[in-house]
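Worksheet for the structure shown next.
Position 1 is the first residue of the sequence; numbering continues from there. Please read these numbers as outputs of a predicted model, since none were measured by experiment. Because only heavy atoms are used, hydrogens play no part in the values below, and waters and symmetry mates are left out as well, while side chains stay in.
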Amino acid sequence: MYLPPGMLESLDHKYRPEPFDSTVETGEVVVSHVSGGREGLSWPVKAFHVKPESWSEIGIGFLFLLFGLWYGASVIQGGDVVEIRRALFILALGLWLPFYTTRHLIRRIYPERLGSVTLDTRRLIRDRGCDAEPKSIQYEQICVVKSTTLRAGSFFRHETEELTSGPIEVNYYEYDEQTGVLKLSRLRSIVLPKTEDDASLYDEIKSRSFGPAPSRRVRIGLAIRQYCLLALVFPAILFYLLFAAIGAAVIAAIVT
């Protein structure tokens, strides 16, 4: 009988890799092939709350909104058709701003909507909030933890200190649906949101995880999928610009 991965936590997994640990630093990215976790250890439960946007960032967003409304109203009152079309096109490009700012304001007022990142005794749980299904990854699935870093050096003491700035990316293997063991050819990635203590979260995940290091072919496959997803963003941007231009022309024709 097949049991989903979430139900395998209380059972003995058929796959148990040998633990290892190696860390490679490239530029401003720390890549940790982590395997500090051990079978039988009881890890404490730690919760990391997602960090909301600051009031200053939200305030700046609303200031841009007010400026945009004032700019659009003043141009329309002027009556120049060319200026109206130009103003409407600029305002159409910023249609995302009111939704983006309002969303962050609601999440700031209601922090439970932000969710959290919880490190359970055997797994990482990403709670997305808003009644969304949590994402659960067991420590034996996690093989690589990546985090961007900031280098802060002292001018007088000539020392360099590395501070984790996030976001934290976790690479993990999927479970085979037939056997319930790790399928080493299926490497997946999840980017965690910024939390109130990304440095501690990074260290905790690195120390608890013990998945085997991915092969070169599997890493290349994951990178290709990520670049393909990124390439889909450019057609979306072009479509958005086209939509903004058409919408601005239609509204300008109605107004004038």
Side-chain angles (χ1 to χ4, degrees), residues 5-6 17 19-37 43 45-53 104 107 114-120 122-130 132-152 161-175 182-234 236:
F20 67 98
D21 190 3
S22 62
T23 301
V24 180
E25 182 178 349
T26 306
E28 293 186 349
V29 177
V30 174
V31 180
S32 298
H33 299 275
V34 294
S35 173
W43 294 101
V45 178
K46 292 188 177 182
F48 297 82
H49 297 287
V50 177
K51 185 178 181 180
E53 285 70 20
H104 287 310
R107 292 172 60 170
L114 291 169
S116 61
V117 179
T118 301
L119 300 181
D120 206 343
R122 299 285 297 277
R123 58 188 176 178
L124 180 153
I125 303 174
R126 167 65 176 112
D127 182 9
R128 298 179 177 88
C130 301
E133 187 70 21
K135 176 71 174 180
S136 177
I137 306 174
Q138 298 196 46
Y139 295 143
E140 71 168 12
Q141 294 179 255
I142 302 174
C143 58
V144 177
V145 182
K146 302 177 183 178
S147 177
T148 58
T149 59
L150 294 177
R151 295 181 177 275
E161 182 182 3
E162 293 185 359
L163 304 175
T164 303
S165 60
I168 298 174
E169 179 183 347
V170 175
N171 295 160
Y172 64 96
Y173 300 105
E174 289 185 345
Y175 279 106
L182 294 180
K183 191 164 186 177
L184 303 183
S185 61
R186 294 184 179 178
L187 188 63
R188 297 295 182 261
S189 175
I190 181 175
V191 178
L192 301 178
K194 290 187 66 66
T195 65
E196 296 175 349
D197 192 353
D198 283 334
S200 296
L201 177 61
Y202 174 80
D203 292 336
E204 287 288 341
I205 297 176
K206 188 175 72 171
S207 63
R208 299 185 186 204
S209 306
F210 57 103
S215 64
R216 179 184 179 88
R217 181 177 62 83
V218 173
R219 293 198 305 268
I220 293 176
L222 177 61
I224 291 175
R225 288 194 298 270
Q226 291 176 335
Y227 282 120
C228 289
L229 291 176
L230 184 62
L232 295 177
V233 175
F234 294 100

Please report the closest heavy-atom contact between R126 and V50, naming both atoms and the distance.
NH1-CG2, 4.0 Å

For residues K51 and E196, report the shortest heavy-atom separation together with the two atoms involved.
CB-N, 4.2 Å

Can you sort out the partners of E53 under side chain to side chain contact (heavy atoms under 4.5 Å, CB included), two or more places apart, ordered by chain and number?
E57, I58, H104

Are any non-hydrogen side-chain atoms of L222 and P214 less than 4.5 angstrom apart?
no

Only counting residues at least two apart or in another chain, list the ones meeting salt bridge (charged side-chain N to carboxylate O under 4.0 Å, His left out) with E169.
none

Go through the structure and list residues passing side chain to side chain contact (heavy atoms under 4.5 Å, CB included) with K183, not counting sequence neighbours.
D176, S185, R186

Main-chain N/O of Y173 paired with Q141 side-chain donor or acceptor, under 3.5 Å:
yes

Could you measure the distance from the CG atom of L187 to the OH atom of Y172? Nearest 0.5 Å is fine.
9.0 Å

Minimum side-chain heavy-atom gap F48-L119 below 4.5 Å
yes

At what distance, to the nearest 0.5 angstrom, does CG of L114 lie from CZ of R128?
14.0 Å

CG/L201 to CG/D198 distance, rounded to the nearest 0.5 angstrom?
6.5 Å

Not counting sequence neighbours, which residues clear salt bridge (charged side-chain N to carboxylate O under 4.0 Å, His left out) with R225? List them please.
none

Could you work out, with side chain to side chain contact (heavy atoms under 4.5 Å, CB included) as the rule, every residue matching S116, not counting sequence neighbours?
H49, T118, D127

Would you say S209's side chain and K206's backbone share a donor-acceptor pair under 3.5 angstrom?
no

Does D120 offer a backbone N or O that forms a donor-acceptor pair with the side chain of Y139 under 3.5 Å?
yes

Check: D203 side chain, S200 main-chain N or O, donor-acceptor pair, under 3.5 Å
no

Output for pair (I205 CD1, I142 CD1), nearest 0.5 Å, gives 6.0 Å

Value for OG (S189) from CG (N171), rounded to nearest 0.5 Å, stands at 4.5 Å

Holding to side chain to side chain contact (heavy atoms under 4.5 Å, CB included), I want the full list of residues that pass it with R216, two or more places apart in sequence or in another chain.
R219, I220

Are L124 and L192 close enough that some pair of their side-chain heavy atoms sits under 4.5 Å apart?
yes

